[in-house]
Amino acid sequence: MSAPTSASTPASFDWLHRGTTEIFPHQPESEDPNQNLTQRLMQCDRPLRVKLGIDPTGTDIHLGHSIAFRKLRAFQDAGHTAVVIIGDFTARIGDPTGKSEVRKQLTEEQVKHNAQSYLDQLRPVLDFDTPGRLEIRYNSEWLSKLDLSKILELLASMTVGQMLAKEGFAERFNQESPIYLHEFLYPLMQGYDSVAVDADVELGGTDQKFNLAVGRDLQRLFNQTPQFGLLVPILIGTDGIQKMSKSLGNYVGLSEDALTMYSKLEKTPDDQLATYFELLTKLPLDSLPDNPRDRQKQLALEVVTQFHGADTAAQAQKDAQNLVAGSTGAADNVPEFSLSSVEFPVPIFYLVSASGLCKSSSEARKQIKGGGVKLDGEKVTDMNLKFEQAEELSGRILQLGKKKFVRLIP
RNA sequence: GGGUCGGUGCCCGAGUGGUUAAUGGGGGUGGACUGUAAAUCCACUAGCUAUGCUUACGUUGGUUCGAAUCCAACCCGGCCCA
């Protein structure tokens, strides 16, 4: 295996610093490669092992997760080895970071399924193909083998006070909400992962600082050179307020279709635009369009291109414009709904719910009442409107609000 | 283990026997406006092929013409004591 390119070309480390919040330990003046990551990168004679863990707790990952993986990709491109840890063991305990509640425990099967799904979704982000650039490890490999004496050794390396100093714990303790003992194990296990894979660098969101630091402590305990921690920002979601998360519904999933992705991204809040460009693209930040609307479009196009390719992205942009303009016929990528599953005569409100635009028929009625339902661009006002047969409806487009469409087919 | 306080809708949080899916806020969805944004204003915010019916205030029973509200047991959590 060849030495990392960065070693031979003492080039710039822009890729390292773009969108990076913090690197620790960080002593920029130091020549010591254990105190200064840039020195380490320039001096290393072998690819560094760059760890990034993810707990397969759900089936979807989103752009918020992707920024750490993008950084990981940057390391890969610089010749280093990405060590992706699938937290199949830790997922069953749950990371207490940032949670106000205990995470529910998952079965082994769910975890397995989720893990595969994650890897599929990461395909466009990481380099899966270049030999030596990617290592995928499951932490059950070593964590399930820990015996009590080893666990005690880990536990003895930290104090309750140190644990309680951790952000989430402190809050929960002060709010008098429950903290279970097994949650204290989480940072230790994640830290032990670093020992198990002999990590040189670990990536994570800023909320992971504590956990990455524990990794350093444990590596020291096991006579390894402590890893560097590299923190990337937590991406704010599409609501512009809270961090991107599936449960808050303010996310853009990596596996979403191009049109959905585009539609969400093109309304990125103005004050998040710069951040999104920095974290989700490689575009130079000083040559963006002046008009905020154009910036939104460029961002959407760029990101969708990463996941779906330029052609599909361009088509999504076109479709999005057509849909909003109301020229329904021009939209090709509208989900279809087959009328074969409904019984005629069918009331409009039932149709709205059956087609999946609304969760329930009650909600559909309310939306119709509120003027949110359109058929071929025309507002539906009578919720008891009935259709006698499928021919009346097939080919027409049913719409809820500005964003949800369904084409009715026989 | 003992004492004590508490468990209400997506979230927070009122309500303490009597028309009512249950005040208020947040969030969400829809409408107007707009740049498909923000801000603002308005509406909606349990389910049902539905002018009515069915479920809802930790769980299960009980008292009552009638309970989220009273009683009992149980489950869960906080705090104090051990």
Side-chain angles (χ1 to χ4, degrees), chain A residues 99-102 104 169 171-181 183 236-243 245-252 259-277 289-301 304 316-328 331 339 341-375 377-390 393 398-405:
Chain A
K99 300 281 190 305
S100 52
E101 279 172 33
V102 193
K104 68 175 179 213
F169 286 143
E171 257 164 56
R172 285 164 60 185
F173 192 72
N174 291 333
Q175 284 173 9
E176 305 188 333
S177 57
I179 301 173
Y180 291 87
L181 284 174
E183 298 182 68
I236 298 295
T238 53
D239 60 355
I241 301 164
Q242 306 208 64
K243 76 169 190 176
S245 108
K246 190 177 184 189
S247 53
L248 293 173
N250 60 354
Y251 70 105
V252 180
L259 181 57
T260 306
M261 215 179 224
Y262 185 91
S263 314
K264 287 184 180 179
L265 285 167
E266 72 165 346
K267 57 189 179 101
T268 303
D270 290 357
D271 55 5
Q272 293 304 321
L273 267 173
T275 311
Y276 271 49
F277 270 111
D290 291 333
N291 185 314
R293 186 78 191 107
D294 291 338
R295 278 207 294 276
Q296 288 177 319
K297 287 181 181 173
Q298 186 175 350
L299 173 77
L301 193 63
V304 175
Q317 184 168 54
K318 213 177 284 172
D319 286 346
Q321 273 158 9
N322 287 338
L323 283 173
V324 169
S327 54
T328 47
L339 295 165
S341 60
V342 305
E343 278 178 37
F344 285 85
V346 62
I348 182 72
F349 75 86
Y350 180 75
L351 195 62
V352 172
S353 113
S355 62
L357 291 177
C358 282
K359 283 199 293 275
S360 69
S361 59
S362 301
E363 187 186 322
R365 288 174 155 251
K366 287 158 194 159
Q367 290 294 8
I368 292 167
K369 214 163 147 191
V373 173
K374 289 179 185 169
L375 187 60
E378 268 186 54
K379 197 171 280 189
V380 175
T381 49
D382 176 12
M383 78 176 73
N384 289 314
L385 183 65
K386 278 198 172 79
F387 299 92
E388 298 301 327
Q389 43 195 321
L393 288 165
L398 196 59
Q399 174 181 359
L400 173 67
K402 288 169 189 155
K403 289 168 284 187
K404 289 186 178 172
F405 304 84

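The figures here come from the full heavy-atom set of this structure, side chains too, leaving out hydrogens, waters and symmetry mates. To find a chain, count down the sequence lines: A is the first, B the second, and so on, and within it residues start at 1.
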**Student:** Write down the atom of I236(A), the atom of G240(A), and the distance for their closest heavy-atom approach.
**Tutor:**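 Where I236(A) meets G240(A) most closely, the heavy atoms are CG2-C, 3.3 Å.
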
**Student:** Side chain of N384(A), backbone of P347(A): donor and acceptor closer than 3.5 Å?
**Tutor:**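 Side chain of N384(A) to backbone of P347(A), a donor-acceptor pair under 3.5 Å: no, none is there.
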
**Student:** rA68(B) and rU19(B): how far apart are their P atoms, nearest whole angstrom?
**Tutor:**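 These two P atoms come out 11 Å apart once rounded.
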
**Student:** Considering the options L351(A), V380(A), L385(A), which one meets the side chain to side chain contact (heavy atoms under 4.5 Å, CB included) requirement together with L375(A)?
**Tutor:**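 By the side chain to side chain contact (heavy atoms under 4.5 Å, CB included) criterion, L375(A) pairs with just one of L351(A), V380(A), L385(A): V380(A).
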
**Student:** Would you say the side-chain atoms of Q296(A) and R293(A) include a donor-acceptor pair closer than 3.5 Å?
**Tutor:**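 A pair is found: one side chain offers a donor N or O, the other an acceptor, under 3.5 Å apart.
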
**Student:** Suppose you measure atom P in rA72(B) against the same atom in rA50(B); what distance do you get, rounded to whole Å?
**Tutor:**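 Here rA72(B) and rA50(B) have their P atoms 44 Å from each other.
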
**Student:** If each of K404(A) and N291(A) is mapped to the nucleotide of RNA chain B with the nearest heavy atom, which maps nearer the 5' terminus, i.e. the 5' end?
**Tutor:**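 Its nearest nucleotide being more 5', the pick is K404(A).
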
**Student:** Could you tell me the separation between the OH atom of Y180(A) and the C1' atom of rG77(B), rounded to a whole number of Å?
**Tutor:**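 After rounding, the gap between these two atoms is 7 Å.
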
**Student:** Where does RNA chain B pair, written as one dot-bracket string 5' to 3', with Watson-Crick or G-U pairs under 3.5 Å, ( ) inside the strand, [ ] for crossing pairs and | for another strand?
**Tutor:** ((((((((.[[[..)..(.....]]]((((((.......))))))(((...)))...[[[[[..)....]]]]]))))))).

**Student:** Rounded to whole angstroms, how far apart are NZ on K267(A) and C1' on rA37(B)?
**Tutor:**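 Atom NZ in K267(A) sits about 9 Å away from atom C1' in rA37(B).
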
**Student:** If you count the non-hydrogen atoms of other residues, nucleotides and ligands that lie under 6.0 Å from CZ in F344(A), is the total more than 12?
**Tutor:**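 More than 12 heavy atoms, drawn from other residues, nucleotides or ligands, come within 6.0 Å of this atom.
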
**Student:** I'd like to check D319(A) versus Y262(A) (side-chain heavy atoms, cut-off strictly below 4.5 Å). Are they in contact?
**Tutor:**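 Contact flag for D319(A)/Y262(A) side chains = no.
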
**Student:** Please report the interatomic distance CG(L400(A)) to OG(S355(A)), rounded to the nearest 0.5 Å.
**Tutor:**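 L400(A) CG to S355(A) OG: 9.0 Å, rounded to 0.5 Å.
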
**Student:** For nucleotides rA56(B) and rG6(B), find the distance between their P atoms and express it as a whole number of Å.
**Tutor:**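 Nearest-Å result for rA56(B) against rG6(B) at atom P: 25 Å.
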
**Student:** Find which nucleotide of RNA chain B each of L400(A) and Y262(A) is nearest to by heavy atoms, and output the residue with the more 5' nucleotide.
**Tutor:**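 Counting from the 5' end, the first nearest nucleotide belongs to L400(A).
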
**Student:** For nucleotides rG9(B) and rU45(B), find the distance between their C1' atoms and express it as a whole number of Å.
**Tutor:**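 To the nearest whole Å, 10 Å.
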
**Student:** Could you give the distance separating rC80(B) and rC74(B) at their P atoms, to the nearest angstrom?
**Tutor:**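 Between the two P atoms, the distance is 25 Å.
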
**Student:** In whole Å, I'd like the distance from the CD atom of Q321(A) to the P atom of rG35(B).
**Tutor:**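 Distance, rounded to whole Å: 15 Å.
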
**Student:** Distance between the C1' atoms of rU20(B) and rG66(B), in whole angstroms?
**Tutor:**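 rU20(B) and rG66(B) have their C1' atoms separated by 15 Å.
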
**Student:** Quickly work out the L357(A) CG to rU29(B) C1' distance and round it to whole Å.
**Tutor:**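 Rounded to the whole Å, the gap is 13 Å.
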
**Student:** Carefully, step by step, assess E183(A) and R172(A) under the rule side chain to side chain contact (heavy atoms under 4.5 Å, CB included).
**Tutor:** CA-CA 12 Å; E183(A) 298 182 68; R172(A) 285 164 60 185; 2.9 Å; yes

**Student:** For every nucleotide of nucleotides 38-55 of chain B, 5' to 3': is a protein heavy atom under 4.0 Å from its base (B), only from its sugar-phosphate (S), or from neither (-)?
**Tutor:** ------SS-BBBB-----

**Student:** Using whole Å, what does the distance between atom P of nucleotide rU34(B) and atom CD of Q296(A) come to?
**Tutor:**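 Result: 17 Å.
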
**Student:** Please confirm whether K374(A) makes a cation-pi placement over F405(A), using NZ or CZ under 6.0 Å from the six-membered ring centre and within 45° of the ring normal.
**Tutor:**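 The answer is no; the distance or angle limit is not met.
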
**Student:** Measuring from Y251(A):OH to D239(A):CG, what's the distance to the nearest 0.5 Å?
**Tutor:**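 The OH atom of Y251(A) sits 13.5 Å away from the CG atom of D239(A).
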
**Student:** With rounding to whole Å, what would you report as the distance between rA22(B) and rU16(B) at their C1' atoms?
**Tutor:**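 To the nearest whole Å, 13 Å.
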
**Student:** rC5(B) and rG18(B): how far apart are their C1' atoms, nearest whole angstrom?
**Tutor:**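 One C1' to the other, the span is 29 Å.
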
**Student:** Counting heavy atoms not belonging to K404(A), are there more than 12 under 6.0 Å from its NZ?
**Tutor:**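 Atom NZ in K404(A) is not crowded, with 12 or fewer foreign heavy atoms closer than 6.0 Å.
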
**Student:** Once rounded to the nearest 0.5 Å, what's the spacing between atom CD of Q367(A) and atom NZ of K359(A)?
**Tutor:**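 Nearest 0.5 Å value for the CD-NZ distance: 9.5 Å.
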
**Student:** Could you go over nucleotides 79-82 of chain B and give all protein N or O partners under 3.5 Å, atom names and distances?
**Tutor:**
none

